[in-house]
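Here's the structure we're looking at; comments come further down.
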Amino acid sequence: MTERHIPETDVEKVSYLRAGHSLRSWLLTTDHKRIAILYLYAVTFFFFIGGAAAALVRIELLTPGGDFLTNEGYNRTFTLHGVIMVWFFLIPSIPNTFGNFLIPLMIGARDLAFPRLNLLSWYIYLLGGTLTLYVLVAGGVDTGWTFYTPLSSMFANGNVVAATVAIFIAGFSSILTGLNFIVTIHTLRAPGMTWGRLPLFVWSHYATSLILVLATPILAITLALIAAERLFGIGIFDPSLGGDPLLYQHLFWFYSHPAVYIMVLPALGVVSELVAAAARKPVFGYWFVAFSSIAIAIIGFLVWGHHMFVSGQSMYASAVFSFLSLAVAVPSGIKVYNWTATLYKGHISLDPPFLFAMSFIGLFVFGGLTGLILAMLAIDVHVHDTYFVVAHFHYIMVGGTVSAFFGALHFWWPKITGREYIMVWGRLTAIFIFLGFNLTFFPQYLLGYLGMPRRYHIYDPSFQVLHVMSSLGASLLGVAYVLPFTYLFYSLRYGKPSPPNPWGVTGLEWTTPSPPPKQNFDQIPVVTTGPYDYPVEMEDRR
Amino acid sequence: MTQGSPVHEPYTEASQQHEANMLGMFIFLGTEIMLFGGLFAAIMVYRIEHREQLIEASKRLYLWIGTANTVILLTSSLLVALAVQASRAGSRRVGATLLVASACMGVGFLGLKGIEYAKEWQEGLLPLTGVRHAFSGPVQELFMGLYLAATGLHAVHLTIGIALMVGLSWRVGRGSLRLPQKALTVELCGLYWHLVDIIWIFLFPALYLVR
Ligand code: HEM
Ligand SMILES: [Cu+2]
C-alpha cells in the first residue's frame, strides 16, 4: 500500500473512462459502461435520500411517544422511505448498474441491443426521480408505498398525484431496460456463447427482465387510475359507485409481488457469480440454478394474493395463494442448496466480495423462511401488518439485495475503475453491515410477533427496548454503508492498478483489460467453454 | 429480407439487427397489452360484480359510432398491411399514399370519437369533475369512468400512431427512408398500428356489445 498518487496507466488511457473527457461525452454517451456509471451515481444518491428518511423513522421510534414527528409527518416519512427505496433504489440498483455494465461484457457483445434506448431510460429515471424530489420538497405523501384506495384516491391530502406520476414515469425506465436486456441476450451473444454457457448472472437478469416488461405496465395503469380519480373524478375504485378497493389491491400486488423478485433476482445472480468465484469451482447444478430463476419469474406471478389474506378475499383463493407461495420458495431453496454444494470442499476465499456473498446467503435464508411462515394462512392472520412482515422483507431486500449490491461493487470495482481498493476495509465493511443489519432487524421479528403493528409511531412502552436496539443497529448500519465511500474513492487516486483478472476467476469480462476499452473487445470472442471452467490456469490470471 | 440495410454498432450482421428490432417491437407491444390488461381486468371484474346495472349502462353508449369506428380501424389496418407490402416491393409512391390514407382514417376515428364524447358530455354521462351528471345510478357512473379511461387511453395511443404514420409517409415520399432496404421501419410502425387496432377490437365488445 503506497500513499502516493498513482498516475494514469496506459490501459486507463485507452479505456472507456477516458474516451471523451467532457461532461457532454458523459451525458450523451451510449456506451453501456458509462450509462452504468451514470446509474450508479443516481441510485446511490437516492439510496442516501431514502436512508435519511429511514433515519428519521428510527429516531422517532426511539421513544413510545410521538415526540419527534407528528402523526402526519411520520406517515409521510415512511411513505417516502418506501417509495424511494423500492422504485428509485432497489428496482434499478443491480440491473441498471451492474447488469448494464456486465451483460454485454459477459456475453461477448460491444453494447446492449439498443444503446440510445439505454440512455433514454436513464433520463426517464431521472425525470421520475426529480418529480419524487419535488414531492419530497412539496410536503410528501402519506399513503404508504402501497397507495391503497380509497385512502389514496379519496382521503389522502398529500401529493398523491405527483408521486404516482413519478412512479409511472420511472416504470417506463424499467420497461426500457428490461426490453433492452431481453433483446440483447437473445441476439448479441458471441459465437459459441450458447444458452448453456451464459453466466448465471445473465440468466437471472433475463428472468428479471421478463418480470420488468410484463408486470410494470400493470402498475402503470393502476397508478394512472388513481391519478385519474384524483384529477378528473373518474372513480374506478370508488366504493360509493360500486367500485372495488380490493380490485386495486389485486392489481397492485399483481405487480408488486413479482416486483419483489425484480429486486432480488439480480442479487441472486450476483451471488451465483460470487459463490463460484469464492470457491473457484463450477456452480453445482448449473441448469437448476438457471431455471430456478425462470421458475421464480413464472411462479412469482401467481402468489400475489398472500398480501391479501385478511382483506376479505375468498377463503378458497387464500388457500390456493398460500400453497403457491410455499411453492415459490422451492426454486429459491434450490439456489441456496446449490450454492452450498458449490462451496462444499472449495478453498473458500474470504476477500470482501465473498464475505458479502456469505452474509447474503444467511440473511436471504432467514428472510425466505419467514416468508414461508407468513405464507401460512393461520399465522399470517396473527402477524399481518406487524413488524414481523417489516423484518421479513427487510431481510431479503436490505440484508439480501443491498448486501449483494455491495458484493457486486467490491467484486467488479477493479474491472469498472481499473483500481484495487484496500481489502481490510472491505472486509470490515462487510462484517459491520452484517452485524448492524441483524441488530436493526432481528428485534423487529420479535416486535412483530409480540404484536407491534407496522406504520405506527406511538406504541406500548413494553416495546421500547427492542425499538432502541433496532435504532442502535440502524446507526451502525448507516456508518457501515458510508464506509465504502472512503476507501473506494481513495482507490481511484491511490489504488494499485488492477490486472485484467485480479480474482483469478472465469468470465469473459475478466478477459478484457481493467478498465475495458470503449468497444469492450478488439475482436468479438469465440466461446469454447462453459461459464465456470475452473481451475483457471495461473498465467491467465495476470 | 432487409439485405443492404446498414448494420449499426453493436451488431455484426444485418440478420441479427433485423431480429433484434423485431423482437424489441414485439416485447414493447407485449407491455402495451399488459397496460390495457389492467383495464380489461377491471371491466371484467365489474361485469361480474354488477352484471345487470352494467348492461343497462352499456346501452347508453352509441353503438353505431362504435361500430363505424371499428370498421374504420379495421380498414386502416388493411391499408397499413398493404403499405408494408408496397415498401418491401420498393414502391415509394404507393407506400406513402397508403400510409397517409391510414393516418386519415385514424383521424376520422378520432373525429367520430370526439363527436361521441361531445354527445355524452351534453347528456351528462361523462364522469368528470365539474360536469353536469345525469347517471341513472352509481354503477353507470362507474362504467362510464371505465369507458372514458379505456377509450381515452386508446385515443392517446391512436394519436401517437397517426403521428408515426404521417412522419413515416413523409420520409417514404421524400425518399429519406430508403426502400426496400428500410422496409423494416415501416413494418415495425405497422405492427404498432395493428396493435392499437386490436386493442380496439377487444374494447368494442367489452364496452359496447355487453348489452
Ligand atoms: C421465499 C418466498 C417468499 C414468500 C413465501 C413470501 C411471503 C410473504 C408474505 C405471505 C407476505 C405478506 C405478509 C403480510 O402482509 O401479512 C410477504 C410480504 C412481503 N414480502 Fe415476502 N415472501 C417471499 C419472498 C420475498 C422476497 C424475495 C421479497 C423481496 C425481495 C419479499 C418482499 C416482501 C415485501 C416487500 C412484503 C411486504 C409488502 C407490504 O405489505 O408492504 N418477499 N411476503
Ligand atoms: Cu408477496
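Only heavy atoms go into these numbers, but all of them, side chains included; no hydrogens, no water, no symmetry mates.
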Exercise. Taking the side chain from B:Tyr11 and the backbone from A:Ala113, do they hold a donor-acceptor pair closer than 3.5 Å?
Worked result: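 Looks like yes, one N/O pair under 3.5 Å.
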Exercise. Hey, does the side chain of A:His186 reach the backbone of B:Leu23 with a donor-acceptor pair shorter than 3.5 angstrom?
Worked result: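 No, because the side chain of A:His186 does not come within donor-acceptor range (under 3.5 Å) of the backbone of B:Leu23.
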For this session: Find the one option among A:Leu251, A:Asn520, A:Leu188 whose heavy-atom pairs under 4.5 Å with chain B are most numerous.
Result: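 The answer is A:Leu188.
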For this session: Among A:Asp111, A:Leu179, A:Leu219, A:Leu225, single out the residue with the greatest number of heavy-atom pairs under 4.5 Å to chain B.
Result: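 That would be A:Leu179.
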Exercise. Who among B:Ala41, B:Gly152, B:Pro138, B:Gly24 has the most heavy-atom pairs with chain A under 4.5 Å?
Worked result: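 The residue among B:Ala41, B:Gly152, B:Pro138, B:Gly24 with the greatest pair count is B:Pro138.
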Exercise. So which of B:Asn21, B:Ile33, B:Thr31 has the largest heavy-atom pair count under 4.5 angstrom toward chain A?
Worked result: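 Of the candidates given, the most pairs with chain A belong to B:Thr31.
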Quick one: closest heavy-atom pair of [X] and [Y], and the distance?
X        : Y        : answer
A:Ala220 : B:Leu35  : CB-CD1, 3.8 Å
A:Ile221 : B:Gly38  : CG2-CA, 3.9 Å
B:Leu142 : A:Gly235 : CD1-O, 3.3 Å
B:Pro10  : A:Leu112 : CG-O, 3.3 Å

Interatomic distance, [X] atom [atom1] to [Y] atom [atom2] [nearest 0.5 angstrom]:
X        : Y        : atom1 : atom2 : result
A:Leu247 : B:Met44  : CG    : CE    : 10.5 Å
B:Glu141 : A:Leu241 : CD    : CG    : 4.5 Å
A:Ile218 : B:Leu39  : CD1   : CG    : 9.0 Å
A:Ile234 : B:Met144 : CD1   : CE    : 10.5 Å

At a 4.5 Å cut-off on heavy atoms, which part of [X] comes close to chain A: side chain, backbone, both, or neither?
X        : value
B:Val45  : side chain
B:Leu128 : both
B:Glu49  : side chain
B:Phe143 : neither

Around atom [atom1] of [X], are there more than 12 heavy atoms from other residues, nucleotides or ligands closer than 6.0 Å?
X        : atom1 : answer
B:Lys113 : NZ    : yes
A:Trp195 : CH2   : yes
B:Arg211 : CZ    : yes
B:Phe26  : CZ    : no

Would you say that [X] contacts [Y] through its side chain, given a criterion of any heavy-atom pair below 4.5 Å between the two side chains?
X        : Y        : result
A:Asp244 : B:Tyr46  : yes
A:Ile236 : B:Leu146 : yes
A:Val213 : B:Phe28  : no
A:Phe254 : B:Met34  : yes
A:Ile175 : B:Ile27  : no

Can you tell which part of [X] gets under 4.5 Å to a heavy atom of chain B, answering side chain, backbone, both or neither?
X        : answer
A:Thr184 : neither
A:Leu117 : neither
A:Tyr248 : neither

